[in-house]
Structure formats: C-alpha cells, structure tokens
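Down below is the structure, laid out as structure tokens.
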2 protein chains.
Amino acid sequence: MAGFNPIKAPEDAVVNQQQGPMQILNPNIDIDEEDVLYHIALSNRSHDLKDMFQDVKFVCFGGSPSRMKKFAEFMVKELRYKLVAGQSLCNIAHGSDRYVLYKVGPVLSVSHGMGIPSLSIIFHEILKLLFHAGSSDVMFFRIGTSGGLGVEPGTVVITEEAVDGILRPYMEVATLGMMLQYPAVLDQNVLKELVASSTPDDHFQTIRGKTMCTYDFYEGQGRLDGAFCDYKKSDKMAFLKRIYERGVKNIEMESLCFAAYCHRAGIKSAVICVTLLDRLQGDQIATPHDIMEEWQSRPQIIVARYIKSKLGII
Amino acid sequence: MAGFNPIKAPEDAVVNQQQGPMQILNPNIDIDEEDVLYHIALSNRSHDLKDMFQDVKFVCFGGSPSRMKKFAEFMVKELRYKLVAGQSLCNIAHGSDRYVLYKVGPVLSVSHGMGIPSLSIIFHEILKLLFHAGSSDVMFFRIGTSGGLGVEPGTVVITEEAVDGILRPYMEVATLGMMLQYPAVLDQNVLKELVASSTPDDHFQTIRGKTMCTYDFYEGQGRLDGAFCDYKKSDKMAFLKRIYERGVKNIEMESLCFAAYCHRAGIKSAVICVTLLDRLQGDQIATPHDIMEEWQSRPQIIVARYIKSKLGII
C-alpha cells in the first residue's frame with residue numbers, strides 16, 4: 001500500500017486512488033486464514049472468491065434489493081451479456097437475508113439497505129471480498145433515491161460533495177472511545193464525466209450538487225409528517241431554504257459514508273440519485289408506482305452508459 | 001396528550017407511559033388527510049387501518065425479514081391462533097421491499113433492517129399506523145442478535161439501559177440545525193418481569209445488562225476483522241474490558257434508538273437480544289447455521305412467554 005494515504009484533504013481527492021489489486025487498510029486480515037463475510041454468507045474458505053470475483057471492475061450499490069436485482073437484469077441487456085443456456089441470474093448472498101448480490105460479468109449489483117450503518121456493513125464486506133478475490137482497478141457507484149431541493153422531481157443529481165445533517169463534510173466513526181472523522185470526498189473527474197454523459201435526448205435532467213446525508217428520514221430531513229415533530233412548517237422551510245442556498249440539491253441517507261469510505265479506501269466513486277419529490281413543495285411521496293419505477297431507472301441509465309463507455313461497448 | 005411529557009429523566013421511566021388510544025407527538029398529522037406510510041406501502045386512504053390493526057397490543061421488531069416471518073409463525077403456534085381455512089400468513093408490507101410486516105391476532109412482527117436509521121424509519125411509520133388504527137395500550141419489543149461481552153454465546157441479554165459507542169445514554173438527532181438528545185431509557189418493571197420469567201428448565205441463560213449500540217459493526221464495535229482497522233488487538237481488548245467493567249453485557253446497532261423513541265412516545269418496551277459470540281474471545285461469527293438458528297429463537301421464547309402471560313394463555 002506504498003504511497004497510498006487514506007486521509008487526504010478534499011483537493012487531493014482525484015489523485016488519492018488505489019492502483020492494481022485491491023488493498024484493504026487492515027494488517028490483521030490474513031488471506032491464509034478463514035475470513036467469514038457474515039452478512040453475505042460467503043467466506044474465503046467456503047467459496048473460491050478469486051474464481052468468482054477476480055474480474056469485477058464496477059460495484060453498484062443501491063438501497064432496495066428488488067431494485068438492485070432489476071439493475072442486474074438491465075445490465076445483462078446493456079452489456080449484451082450472454083447467460084449460459086439453462087442458467088439465470090441468482091442472488092449470490094442468498095445464504096443470508098440481509099443483502100442481495102448479483103454479478104453480470106465485470107459488474108456487481110449490491111443492495112445496502114437504508115442508512116449509514118447498514119451501508120457500512122456491506123461496504124466492509126464487499127471491500128474484503130474484492131481483496132480476497134484479487135480484483136483490481138475497481139470503481140464504486142451508489143445509485144439511489146433521494147428527496148430533491150428546488151429541482152423537478154425525477155431529476156438525477158450527481159453528488160459533488162456529501163455533507164451531514166448539520167452540513168459537516170465528514171463522517172464520524174466512534175472508534176474505541178474516539179470520534180474519528182473521515183472526509184466525504186468524491187472524485188471530481190468521474191463527476192464531470194458522468195454529468196457530461198447526459199444527452200439532449202435524455203427525457204430527464206442530470207445536474208450536479210451537494211448532497212445532504214442524514215441519519216433520520218423524518219426529523220433529520222425536516223419532515224412535518226413523522227410520528228414526532230416539534231417544529232413548525234416555517235422552521236422547516238427556513239432550514240431547507242438555507243441549505244438550498246448553500247448548494248444542497250438533494251437529501252438521502254448513505255452518501256456521507258459511501259464517499260468517506262471510498263475516499264479512505266482510495267476507490268474511484270460517484271453517487272447518482274434520482275429525486276422523488278421536491279422537499280420545498282412537500283414531504284409525502286405519493287407519486288404513482290409506475291412513474292416512480294421509471295424515475296428509479298434513471299441513475300441506472302447514467303451508470304450503465306458510463307460503464308459501457310469504459311468497456312468500449314457502443 | 002394531557003399529562004404526557006415526552007422528555008423525562010431516567011428515574012421517571014416507569015410512569016412516563018401512554019394510556020388509551022395511541023397518540024403521536026406531531027400536531028401536523030390530520031387523520032382526515034391522506035398519510036402515506038411510504039416504506040411499508042400502506043396509507044390511511046388506500047387501506048382501512050382501523051379494521052386491520054385496531055386490535056394490536058404487542059409489536060415485535062427484529063432486524064432480519066426471514067427471522068420476523070419465523071417469529072410470526074411461532075406466534076401462531078404459541079397463541080394457538082386459528083388461521084382461516086385456505087389462508088396463510090402474508091407480508092402486509094409486500095408493496096415495498098424495505099421491511100416485512102406480519103400480523104397474528106394482537107401481535108405484529110416487523111423487520112427493521114440494520115442500524116439506527118433503518119429502525120428509525122419503520123418506528124415512525126408503525127407509530128403512525130397504530131395512531132390511525134386507534135390501537136391502545138400497545139407494547140413494543142426488540143428481539144435481536146448481538147455480540148456478547150464476557151457471557152456464554154447463546155445467552156439472552158435483556159437491556160437495562162442503552163448507551164452509544166462512547167457510553168452516552170442518549171440518542172442524538174440532528175434536527176433543523178440542532179443536535180437534540182433523547183434519553184435511551186427502558187421500562188424497569190417490564191425488564192424485571194422478563195428476567196423473572198426465565199425458568200430453571202430453560203436450556204439457556206437470561207441475564208440483564210447494559211447494551212452498547214453502535215453506528216458501525218466493525219470499527220464501531222472494535223472489531224479487528226473489518227476492511228479498515230488502524231488499532232491493535234491490545235487497544236481493542238482494553239476498550240472492551242473497560243466497557244465490560246462498566247456493565248456492558250452486549251453490543252448491537254439499534255437499542256439506543258428503540259429505547260429513546262419508545263421512551264419519547266411513552267410506550268412500554270424492552271430489548272431482548274441473544275449473543276452470537278463472546279467479543280472478549282474473538283470477532284468472527286463462525287458458529288454453524290443450525291446452532292445459530294436455535295440461539296436466535298431464544299429471545300422469541302422469552303417474549304412469547306411474556307405475551308401469553310399478559311393474554312392469560314397458559
């Protein structure tokens with residue numbers, strides 16, 4: 001891991017990247033001993049992880065298991081990936097019911113559940129999986145849903161920088177009695193490439209912006225429709241307008257950890273979320289199911305286009 | 001909500017309870033308007049929540065969807081609940097893939113995923129569901145898994161008090177730019193009744209203790225087997241021994257929010273978790289699947305016994 005420093009200032013984001021086989025920042029992991037990836041029911045003893053995963057180049061994370069299954073099926077079409085006769089995609093993590101994991105050639109499609117702690121668990125285990133597999137030059141994407149701020153519902157927001165619920169650009173991890181901070185920095189070159197890949201033919205807008213990541217969906221995002229609420233609509237609106245003025249375009253619950261851990265691990269990454277509503281207009285998500293489904297496919301389209309361009313598939 | 005104050009000191013925990021129909025602490029929720037419970041795909045317009053849920057008296061939460069399905073099936077037997085001919089239990093939240101929700105007479109069995117943010121979402125929505133349903137005198141339980149500290153794996157720990165990763169007995173919620181603190185207090189009478197309900201015939205131990213609740217499974221719990229680890233085994237052991245000496249018997253990822261929100265809402269509750277390993281001995285969970293399955297049924301046995309005693313079923 002020579003020359004690879006996990007804690008860097010934001011301006012160094014672009015150069016802070018792993019090259020070659022996946023490294024992990026833990027000298028305790030001995031590849032010759034069993035390492036159980038408990039929450040995906042795999043281990044380097046029970047499975048030949050090298051044989052299964054060495055060719056992985058892109059890992060796409062999203063909250064919902066069924067959406068990540070759909071993304072895998074979408075990638076089969078996009079990559080014109082040929083399934084073996086008599087075989088179909090299956091959830092590789094089926095031995096556990098915590099996450100799903102699908103593989104389509106060089107692409108892994110993984111669910112992460114809701115919130116930072118849930119993402120954090122699968123992030124650790126996917127990183128170790130790729131380390132045991134000896135995969136190299138892997139990129140990570142989060143393709144998710146979010147609430148928008150002052151943007152048309154259905155817009156795709158690509159994250160410039162993730163901030164927490166009080167606008168701090170780092171994630172805190174309570175570690176053996178210390179509160180350690182990891183900057184939530186994303187690769188600015190990948191961001192630019194992704195934004196530039198949107199075309200006038202797209203039937204939706206793709207923009208860049210700051211993403212607020214909260215630990216709570218209701219009060220943490222200033223909603224008026226939770227089971228607890230001790231503030232007024234005017235308080236909510238004042239807060240949302242203030243964060244909008246500071247560049248926040250959408251709010252979700254995982255980008256801070258995703259950005260911080262990718263940066264820490266030196267992995268090129270991006271966060272691409274569709275907005276399901278404009279929080280300046282309301283809180284409830286009541287859009288019909290079929291429209292929502294179409295919206296949720298939009299980040300998938302952007303990422304599939306990027307992956308195909310990197311693989312030279314036209 | 002007269003006489004019902006959500007923020008009380010720990011010593012008041014026992015008396016701070018709702019009586020009568022479920023109340024929520026949000027004057028914005030108007031029962032005459034549509035309220036979409038987005039993550040469980042129900043609403044007070046699309047469903048007759050009163051008809052479906054008014055008789056609920058016990059809500060049992062647990063992380064894993066398949067475990068909560070098994071718990072519902074277990075309660076069918078325990079309550080000698082008669083399913084209608086030609087019918088079987090189904091996941092009431094099947095319109096979404098975020099959580100599962102089963103109902104067996106007065107008992108709801110709900111999955112909450114992993115970590116505080118995931119629990120927080122379903123907690124808000126279940127509270128609103130019970131409010132719309134007009135349910136009354138409802139108790140909440142979390143039946144989960146955890147890492148133990150200095151106790152035999154397979155032991156059931158009933159939580160006296162939940163603390164965060166640096167031993168603070170409250171949950172913080174970033175709310176419109178403020179960091180608000182909610183004490184994670186649990187009902188001491190329910191705790192005593194649950195501990196007393198264990199019998200010499202039980203093939204496992206049931207003890208009481210402090211529960212540490214972290215936002216991270218690997219570094220947050222001092223594990224040496226994550227993808228990131230920048231401390232030594234001696235640092236980990238020193239930390240775990242220090243928290244053990246201060247009464248922490250197990251570590252998991254939801255109790256802080258569960259206790260804080262139940263206390264805030266004035267709901268009688270308890271946290272009952274089995275320990276899957278002794279963290280003073282190691283980090284990896286490598287116990288055979290069938291043994292783990294049996295261990296995971298233990299908190300269910302304790303809670304089923306309690307529910308049956310309250311319902312007068314012998």
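The structure presented is a predicted model; accordingly, all values stated were derived computationally and were not measured. Numbers restart at 1 for each chain; the letters A, B, ... are given by sequence-line order, proteins then strands.
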**OP:** Could you tell me which non-hydrogen atom of A:Ile24 sits nearest to which non-hydrogen atom of B:Ala227, and how far apart they are?
**Re:** CB-O, 3.5 Å
**OP:** Find the one option among A:Thr214, A:Ile126, A:Ile285, A:Thr175 whose heavy-atom pairs under 4.5 Å with chain B are most numerous.
**Re:** A:Ile285
Original post:
Side chains of B:Tyr38 and A:Asp225: does their closest heavy-atom pair fall under 4.5 Å?
Top reply: no
**OP:** Determine the minimum heavy-atom distance between B:Pro117 and A:Ile116, stating which atoms define it.
**Re:** CG-N, 4.3 Å
Original post:
Between A:Arg242 and chain B, which part of the residue has a heavy atom less than 4.5 Å away: side chain, backbone, both or neither?
Top reply: neither
Original post:
Minimum heavy-atom separation for B:Gly226 to A:Asn26, with atom names?
Top reply: O-ND2, 2.8 Å
Original post:
Considering only heavy atoms, which portion of A:Ile29 lies under 4.5 Å from any heavy atom of chain B: side chain, backbone, both, or neither?
Top reply: side chain
**OP:** Name the option with the most non-hydrogen atom pairs under 4.5 Å to chain B; the candidates are A:Glu172, A:Lys232, A:His39, A:Gln221.
**Re:** A:His39
Original post:
Roughly how far, to the nearest 0.5 Å, is the CZ atom of B:Arg98 from the OG atom of A:Ser111?
Top reply: 9.5 Å
**OP:** With a 4.5 angstrom heavy-atom cut-off, could you sort out which part of B:Ser64 is near chain A: side chain, backbone, both or neither?
**Re:** both
Original post:
Measuring from B:Lys236:NZ to A:Asn28:CG, what's the distance to the nearest 0.5 Å?
Top reply: 9.5 Å
Original post:
Between B:Tyr261 and chain A, which part of the residue has a heavy atom less than 4.5 Å away: side chain, backbone, both or neither?
Top reply: both
Subject >> CD on B:Gln284 to CG on A:Leu37, rounded to 0.5 Å >> reply: 8.0 Å
**OP:** Determine the option with the most heavy-atom pairs under 4.5 angstrom with chain B, choosing from A:Gly177, A:Gly115, A:Cys257, A:Ala41.
**Re:** A:Gly177
**OP:** Identify the two heavy atoms, one from A:Cys229 and one from B:Pro27, that lie closest to each other, and give their separation to 0.1 Å.
**Re:** O-CD, 3.8 Å
Subject >> Residue pair A:Val173 / B:Gly220: nearest heavy atoms and the distance that separates them >> reply: CG1-N, 4.5 Å
Original post:
At what distance, to the nearest 0.5 angstrom, does CD1 of B:Ile166 lie from CG of A:Leu176?
Top reply: 12.0 Å
Original post:
chain A heavy atoms under 4.5 Å from B:Val36: which part of the residue, side chain, backbone, both or neither?
Top reply: both
Original post:
Which bit of B:Glu219 is near chain A, if near means a heavy-atom gap under 4.5 Å: side chain, backbone, both or neither?
Top reply: both
Original post:
What part of B:Leu129 is in contact with chain A, defined as an atom under 4.5 angstrom from a non-hydrogen atom: side chain, backbone, both or neither?
Top reply: neither
**OP:** Assign the ring pair B:Phe228 / A:His124 to parallel, tilted or perpendicular, where the plane angle (0 to 90°) is split at 30° and 60°.
**Re:** perpendicular
**OP:** Measure distances from B:Met292 to the heavy atoms of chain A and classify the residue's part below 4.5 Å as side chain, backbone, both or neither.
**Re:** side chain
Subject >> Distance, nearest 0.5 Å, that separates CG of B:Asp216 from CD1 of A:Ile121 >> reply: 7.5 Å
Original post:
Is there a side-chain contact between A:Phe239 and B:Met178 (heavy atoms, below 4.5 Å)?
Top reply: no
